[in-house]
Amino acid sequence: MIEYEKLLNEAQYKAATMAEVPALIVAGAGSGKTRTIVYRLAWLIEHGVLPTQILLLTFTRKAAQEMMRRAGDLLPGGVAGLSGGTFHSFAYSVLRQYRPAWLEDRPFTVMDSADQLGVLKECKDALLLGKGDRAFPKTQAVIGLISKCRNKEMRLEELLKMEGPHLLAYEQDLQKLMDAYAEYKRDKAVLDYDDLLFELEALLMSEPGVARSLRAHYRAILVDEYQDTNLVQARLVRILSGIDEGEAGPVMVVGDEAQSIYSFRGATVSNILDFPHLFPGAAVVTLEQNYRSTRPILNVANCVLSHAAEGYRKRLFTERQDGEPVRLKQCISDKSQAEAVAKRIERLLETYPPDEIAVLFRSGYQSYQLEMQLNQRGVKYRKYGGLKYTEAAHVKDVIAYLKLVINPMDYPSFLRLAALFRGIGPKTSQRIYASLGAGDAKALARLRKKHAELFQELDFLNGIRGRLKSSPSTLVGEVVEQYDPLLKRLYPENYPKRRTDLDEVRSMAAGYGDLDLFLADLMLESPEEDEREQGRVVLSTIHSAKGLEWNAVLLIDLAENRFPTRYSLYRDDLYEEERRLMYVACTRARDVLELYAPASLFDRTSGGSMPAELSPFLQELDPSLVEQWSEGYGGRFAKRNVLGRGRAPGVGGFAAPAGTKRMAQAGRGEGSQLPAWDEDGRMPERSKPLAVDELQAVAGGDSADASGTPANEVFEDIAKGKISRCRHRMFGRGKILGVSGTDKIVADFPGYGVKTIVASYLLVEGK
DNA sequence: TGTTGCTCCCTTTTT
DNA sequence: GGGAGCAACA
């Protein structure tokens, strides 16, 4: 018997051992949530519930894996038999067993985002939409809109009014596209991610017998990260609970509205808030004591949240009194930030094991420079978020082969396969696919002659299909061998590395009994982590870091327009979500939290460095909560106040002395969201994008307004030698060497070397 | 007619 | 680095 009362605090104990009624556990960050869930599982099992009768659901794959891992560690019998995973993978497994009627007897496959892209492109072409219209939303954007519509369950018009009024003109076209896309999927028996959830709901509603047998099977349902569920997921929980059938509804959901970070895909906090209404008689337990982080870390996290527009009831507290201060480190540039962080990781490795150190960032690409630094230093890392392993071109190719084995009419995969051969483009693929579907023997014979290579490949796949009973790893191995000559042809430069990846895919298939299960897992659950990757430093997007924790967390790129992203600046709900993201990031740390802010960022559109303001989330911080450091010459950091100085007047934060010229912003094209200056020469607090005509007036150079002297005039002055010195916020005084392009100045800053800098961020001075 | 090659533009977060 | 659009080629 487990002594729950000794092992858990009062609130955790209550949550873990309550009777099997609907329950909402509001669990603050680091409050022992997973621990509580795991003890709940143990308690259920002690009280006669079999592990196979427990369903454990979460939204992200990472959270699902972490939960299963920890349950396995704590439960005496391990997780054997426990059903658990993401909503999507659960939906797939049910749909595979109880197939929707409209599929008839056709095999179906799941599409990933690349497949969606291909299908939508095709629909767009078929409908002749967006031809020659540059303003027509990009295919990727259309996919986003479609998915948002479905996840938020809004009509297209409503969504466009909220998210993109400028697209309202295309509403009808987009609607047509949406319909065509939906029809297409039905026709070809493919499901996208959203379909999995809606198809499951439709199935349960139309076939009460299926719902009944699932309910009879699952005696307990636990949902983690409930604040990240969307409407259809909440309905699924409700249906599965059986509360509408007068059953007790043995559902326990766990969540924290302060950590809601998935509203972009329809997650709604109201699922938590409405839970007691949807499940009358639900028990509510709140966990507030934080066991994870030191006091200084928690102070920073609480401070971040205290500026939230909506108030959060909870304030976390901890008994961990000790702890190093949270450090804020301002670096000269993003490049030097990468160096500083890499160096810091090497130091931390003297104290902590590698897998207890994590670097977190807002978007996948923000770790590129750091990755290069770590590679140079031989520090091994693994990366979460951003591009996935299964998204590498060669892995996608092999997956397309395998999908075609299961579902020969999987069109996205067919396109991918056909495009591998020379002389076959979209039209030819379409023709061949149509002939195959219609069984047009004459046309096929002709096509076969012309495109022998492709048909050889298709014959091979048909052969494999006849032997589906062989082990998946054997089948994958054969497919890889078949693909090998193409791999050599397509990627001569790094063939061996890619071949290793594919052998890896084969070994991953080893544990599976059915090829289609393996494929679905590859699409829906990240495959079992490569053993070589364990015990490494972690680089992760904050979204992917949800539910995880480390001894040391370094948070990078805390600069305006990076975090919060510039997309969030003009909508309060998005801005607030960014703040919660910051909160999630800070609360991942147990002992060490460091905040890195680059003072300038490389800007590829201009090819120069742009000064970067501190992230507003840093500017709001109480300066007494962090130890402030600033990078100086030679990469050395010195304690120096970075916060609380307010924004100095002048460009990029320093005063413009008399006799200096500030240049008007050079043209940056339509749609630029770079900040304009106000009349005092300050950057506005929350920069608004320039209106298009305003921008043209400034960029045109002939109508210099209050914002300064036109760039072309200053460039002329430089050419005439009237101007030879400049000042930059970070680099100080410099000597102008020349100009580059239409908007950049090359200057030598003593101690920093020669820099090419966008002119509008410099102050220039006469001789 | 259809494919391939070249250039310009934009780059969130997940299943 | 990839997608989309356009021009040149088979």
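Being a predicted model, the structure only gives us computed values, none of them experimental. These values consider heavy atoms only, across backbone and side chains, with no hydrogens, waters or symmetry-generated copies.
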A.B. asks: Could you work out which one of B:dG5, B:dT1, B:dT14 sits closest to the side chain of A:R422?
C.D. replies: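 Within the option list, the nearest is B:dG5.
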A.B. asks: So A:F264 and A:Y262, would you call those rings parallel, tilted or perpendicular, with 30° and 60° as cut-offs?
C.D. replies: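 Tilted.
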A.B. asks: When we call it a touch if two heavy atoms are under 4.0 Å apart, what does A:R562 touch: a base, just sugar-phosphate, or nothing?
C.D. replies: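 The residue A:R562 makes no contact with any strand.
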A.B. asks: Check every atom of B:dT15, C:dA4, B:dT12 against the side chain of A:R362 and return the nucleotide holding the closest atom.
C.D. replies: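 Among the listed nucleotides, the one closest to the side chain of A:R362 is B:dT12.
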A.B. asks: What is the distance from NZ of A:K427 to C1' of B:dT1, rounded to the nearest Å?
C.D. replies: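 After rounding, the gap between these two atoms is 9 Å.
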A.B. asks: Checking all strands, does A:T428 fall into the base, sugar-phosphate, or nothing category for heavy-atom contacts under 4.0 angstrom?
C.D. replies: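 Contact class for A:T428: sugar-phosphate only.
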A.B. asks: State whether A:Y184 and A:K188 meet the cation-pi test: NZ (Lys) or CZ (Arg) under 6.0 Å from the six-membered ring centroid, and within 45° of the perpendicular axis.
C.D. replies: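 Here A:K188 passes the 6.0 Å and 45° test against A:Y184.
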A.B. asks: Tell me whether A:F264 and B:dT13 count as stacked here, given that the ring centres must be under 5.5 Å apart and the planes must differ by less than 30 degrees.
C.D. replies: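 Here A:F264 meets both the 5.5 Å and the 30° conditions.
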A.B. asks: Tell me which nucleotide among B:dT3, C:dA4, B:dT13 gets nearest to the side chain of A:K121.
C.D. replies: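 From the listed options, C:dA4 comes nearest.
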A.B. asks: Check whether the side chain of A:R265 and the base of B:dT13 form a donor-acceptor pair under 3.5 Å.
C.D. replies: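 Under the 3.5 Å cut-off, the side chain and the base do not form any donor-acceptor pair.
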A.B. asks: May I ask you to decide if the ring planes of A:Y170 and A:F136 are parallel, tilted or perpendicular, using 30° and 60° as cut-offs?
C.D. replies: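 The rings of A:Y170 and A:F136 stand perpendicular, inter-plane angle above 60°.
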A.B. asks: Ignoring the backbone of A:R566, work out which of C:dA4, B:dT4, B:dT11 is nearest its side chain.
C.D. replies: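 The answer is B:dT11, which lies nearest to the side chain.
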A.B. asks: For a quick test of reading the model: is some side-chain N or O of A:S89 closer than 4.0 Å to OP1 or OP2 of B:dT15?
C.D. replies: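 A:S89 to B:dT15 OP1/OP2: no side-chain N or O under 4.0 Å.
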A.B. asks: Counting side-chain heavy atoms from CB outward, which of B:dT15, C:dG3, B:dT13 is closest to A:L117?
C.D. replies: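 The nucleotide sitting nearest to the side chain is C:dG3.
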A.B. asks: Would you indicate what A:T139 reaches in the nucleic acid, counting non-hydrogen atoms under 4.0 angstrom: base, sugar-phosphate, or nothing?
C.D. replies: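 A:T139: backbone/sugar contact only, no base atoms under 4.0 Å.
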